[in-house]
Undergrad: 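Before anything else, here's the structure in question.
Computed from a predicted structure; not experimentally measured. In the text below, chain A, chain B and the rest are named by the order of the sequence lines, each starting its count at 1.
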Amino acid sequence: MTPSCPPSTAEAGWLRRRGGEIALWLAVPLAVALFLPEYYLLATHVAALGLFALSLDLLVGYAGLLSLGHAMFFGIGAYTAGLLAVHGWGEPISGLLIAALVAGLVGFITSFAVVRVQHLAQLMVTLGFGLLVFEAANRARWLTGGDDGLQGMVVSPVLGLFEFDLFGQTAFFYTFVVLALCFIVATRVIDSPFGLTLEGLRENPKRMAAIGTPTAARLRQAYVFAAVFAGIAGALMAQTSQFVALETLSFGLSAEVLIMLLLGGAGHRYGGLVGAAVFVIARDLLSDLNPQYWQFGVGGVMVLVVLFAPGGVLGILRSLRQRLLPVARTSTAKAAPATPATKGGAA
Amino acid sequence: MLAILLTVLFDGLAYGMLLFLISIGLSVTMGMMGFVNLAHGAFAMFGGYVATTLMQRAGVPFLVTLPVAFALVALASIVVERLLYQRLYRRGPLDQVLFTVGLTFMSVAGITWFYGPSQQPVVLPAFLQGQVSLFGLEVGIFRLFLVAVGLLVAAAVVLGVERTRFGAKIRAAVDNPVMATGLGINVGGVFALTFAIGSGLAGLGGALGIQILGLTPAFPLKYLVLFLIVVSVGGLGSVGGALLAACVVGVIDMMTKYFLPEIGSFIIYAVMVALLMWRPHGLLGKKS
Amino acid sequence: MSIALTTAGLSKNYGALQVTRAVDFSLPVGARHALIGPNGAGKTTFINLLTGTVPATSGSITLLGEDITGQRPDQRVKRGLARTFQVTSLFPELTPMQSVTLAVCERLGLTARWYKRTGEHRAALDEAAEILARLHLGHVGHLLTRTLPYGQQRIVEVAVALALRPRVLLLDEPAAGIPSGESAELFEVIAELPEDISLLFIEHDMHLVSRFASRVTVLVAGGILAEGTPAEIMANPEVRTVYLGNSEGHA
């Protein structure tokens, strides 16, 4: 899924390696602010859900662990941040960190059960935990507001300077900066020996055990990472909309985030972000549509993507590039160090 | 109090039989091909809509709609399997999950388009209505009928799998598809037919369940979790396991709805997670 | 002569079926030991018991003086026991360089580290590149493993195992699926392994066995039938009846 191997890119300069990406990350918020300020709210949703999809990609796309209950962590993050803000702790950044901590803790505890089983049982355990937490939040009306959602959040200005405004400008930049920071961390994780280990687990867990990897421990670690990022994403959603809907914990959201990943392309750092953008923007554009058409369309797109474009949007782009520029393919292959001599030479 | 308990227990069993009828095909085909088919509930729903359509538009009697629902759904499922599913047997579970959820979305939307979102009515024949006294216990005749059908189908499936030549092929294909192919068994063909029978049974369950499970376009999504619980807790490919799990799930679900409505589905999910922790391959599943 | 690996009364039953029968086996340090036997003799099961992929029913396994019978596979690897698989078991979507780097990182205890890029672990990368070069894989190190010819994939199997710096290396039919002309090439690679690695390999081809093994154990129906030098084994009448009829099919 990621043919460019981390070791082979090791020698490229930091700026050369990431320059284009950094430019992109600066250009996008600038473009939104200059040309599409009326879409701050939508862009905020894309960023928060993109982070959520990225967190799931660590599990599904990299570690090969399919979860049907990932909304649990998004919702736990959202409710943690929400409850803090309702009960007088309106400072957003510490709220975000506490939400991450809580989601990570729940992830750590449940990870033992999730990793204990495989295949269908694993799907069912992730699904089961998600449903349990949903039911618990639904019943605990006194705490969560049940299906009316959590209301009455008061969120303080970010860093004490930037008040959350009606246009959603602060909300957007706040979410975007947090997304960027999380993306940097996630990139690190993916490029690290731990990230390589996750890909090994996706490709062949049996062989991973045979090279001495404590596979369960590594999967648990990935699960906790995914939980933390999802918790942050949920907290961002809560703080920026100053409301937490019960749906943030639902199976429906767990399924939606999987769809985003499918649309963008699982196992790619940008897959979740692209998928979230496509999904959220499409839903916004088609919001006037009869909901049956929307549901039928989403289902049809899922079927078609799985059948004909399993790599999602990024997969299509990659194969287009390879078809149009066969030269680029061979030149990247050549750029990779072939012998230890070239590896040792550059530093 | 005891009478209420026994009545609820019996209703739970009848409910469990429906879950069994619908889930058994999923269990066997999933055990055979490892294909995660989350669209299975849609086949049950189609069975239900076949039955109501026949009853309402053509005045076909309820009992006659049942075999028609079985046959039509079985036929339709062969087309879906040969045309679509078999392309995905070699794919990962993520693709299979998303593909079948996509199909489910399409069928839910399609059914809503044609029938609207509301509950479909069913008129049971007079001889299936009312109560009957059974060992001093007042039970609904229809529920008694459901239990009987469920047990009959279970017995037929067990006999079919254990005693017939085709059943031996199914068992070989579930045990080890590669070796079965080596023995000259046409695993693809066996699978297609098994898939059709399993889907047909789901269609039958959907038709029988209109009254108890309700029939709206949301059916496949609403009950998907219960079907999957039956399959996973029972153990993939195990007929007895599916029957046992379906009864357990049916009774627990009915009991909690009746006695502990506040906690709702909480208990059933907790029981599922606990059972899977205890026996990851299901109650009667074989260790792979 | 010190002993690298021993088993005492090692048995495995599946219900009433005995697939490994009270095997007493020992592998001296630096051995080049072949395990032969007809199909279904339990050779792979024996390897699986040694690595812990399959739990033993009874008996014990001692690795370098330590009882490892109850340990998980990954714990045994950490104590110096590595293996390859009969059916190629690699990482199709990773490159050989990534696969070997992964094994090196595991040995160095780096696979839980997430805050430093793999590219910054210079020592691990250099070592992986060195292993690939030694096994003549340097020029394909950057290609996806699934795109490599089968023969090269078999060598990647060995490369991944070597990256663990095993004291004892178990090779389950390393040349399986390679045309017989090329399998000698693979064994040349294996023959060049450092002498302090104790080697146990399953192989059907008696020519290869007599060329590369100094001792041979014959496994039949889960138990040891005979053990000796290749010449002794070839001359053993019992072995001839059980085994040689079968080997023609594989030659």
Undergrad: Enter the distance from C:H121:NE2 to A:S192:OG here, rounded to the nearest 0.5 Å.
TA: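 These two atoms lie 7.5 Å from each other.
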Undergrad: Quick one, C:L102 with A:E199, criterion side-chain contact (heavy atoms from CB on, under 4.5 Å). Give me CA distance, side-chain angles, the key distance, then yes/no.
TA: CA-CA 10 Å; C:L102 192 49; A:E199 294 201 62; over 6 Å; no
Undergrad: Can you find a side-chain donor-acceptor pair between C:T118 and A:D191 that sits under 3.5 Å?
TA: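 No pair is found: no donor N or O on one side chain lies under 3.5 Å from an acceptor on the other.
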Undergrad: Output the option from C:P92, C:A161, C:A103, C:C105 having the highest count of non-hydrogen pairs under 4.5 Å with chain A.
TA: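 That would be C:P92.
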Undergrad: Taking all non-hydrogen atoms of both residues into account, name the closest pair between C:S89 and A:K206 and its distance.
TA: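 Heavy atoms of C:S89 and A:K206 come nearest at OG-CE, 4.3 Å.
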Undergrad: Is it true that a side-chain atom of A:Q221 and a backbone atom of C:A112 form a donor plus acceptor pair closer than 3.5 Å?
TA: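 Yes, A:Q221 side chain to C:A112 backbone: donor-acceptor pair under 3.5 Å.
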Undergrad: For side-chain hydrogen bond (donor to acceptor under 3.5 Å, both in side chains), just list the numbers for A:T215 and C:D74, CA-CA rounded to whole Å, side-chain angles, deciding distance to a tenth of an Å, and then say yes or no.
TA: CA-CA 8 Å; A:T215 53; C:D74 56 278; 6.0 Å; no
Undergrad: Once you round to the nearest 0.5 Å, how far does CZ of A:R188 lie from CZ of C:R117?
TA: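 So the CZ of A:R188 and the CZ of C:R117 are separated by 6.0 Å.
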Undergrad: Quick check: closest heavy atoms across A:I211 and C:V160, and the distance to 0.1 Å?
TA: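 What the structure gives for the nearest pair is CG2-CG1, 3.5 Å.
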Undergrad: Identify the heavy atoms of C:K116 and A:P193 that sit nearest to each other, and give their distance.
TA: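 Looking at all heavy atoms of both residues, the shortest contact is O-CD, 3.3 Å.
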Undergrad: Among residues 46-68 of chain C, which residues come closer than 4.5 Å to chain A, judged by heavy atom distances?
TA: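 Hits under 4.5 Å: none found.
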Undergrad: For C:L164, is it the side chain, the backbone, both, or neither that has a heavy atom closer than 4.5 Å to a heavy atom of chain A?
TA: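 Answer is side chain: those atoms of C:L164 sit under 4.5 Å from chain A.
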Undergrad: Using a 4.5 Å cut-off on heavy atoms from C-beta on, say whether the side chain of A:F194 contacts that of C:Y115.
TA: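 They are not in contact (no side-chain heavy atoms under 4.5 Å apart), so the answer is no.
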Undergrad: Is it the case that atom CZ in C:R32 sees more than 12 heavy atoms from other parts of the structure closer than 6.0 Å?
TA: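 For C:R32, atom CZ is crowded (more than 12 foreign heavy atoms under 6.0 Å).
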Undergrad: Give, as side chain, backbone, both or neither, the part of A:R218 having an atom under 4.5 angstrom from any heavy atom of chain C.
TA: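 Only the side chain of A:R218 comes within 4.5 Å of chain C.
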Undergrad: Using a strict cut-off of less than 4.0 Å between a Lys/Arg side-chain nitrogen and an Asp/Glu carboxylate oxygen, indicate whether C:E157 and A:R207 qualify as a salt bridge.
TA: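 Result for this pair is yes, salt bridge flagged.
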Undergrad: Among A:V189, A:L198, A:T187, A:T213, which residue has the highest count of heavy-atom pairs closer than 4.5 Å to chain C?
TA: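 Of A:V189, A:L198, A:T187, A:T213, A:T213 has the most heavy-atom pairs under 4.5 Å with chain C.
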Undergrad: Measuring from atom OG1 of C:T111 to atom CG of A:L196, what distance do you get when rounded to the nearest 0.5 angstrom?
TA: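 Answer rounded to 0.5 Å: 9.5 Å.
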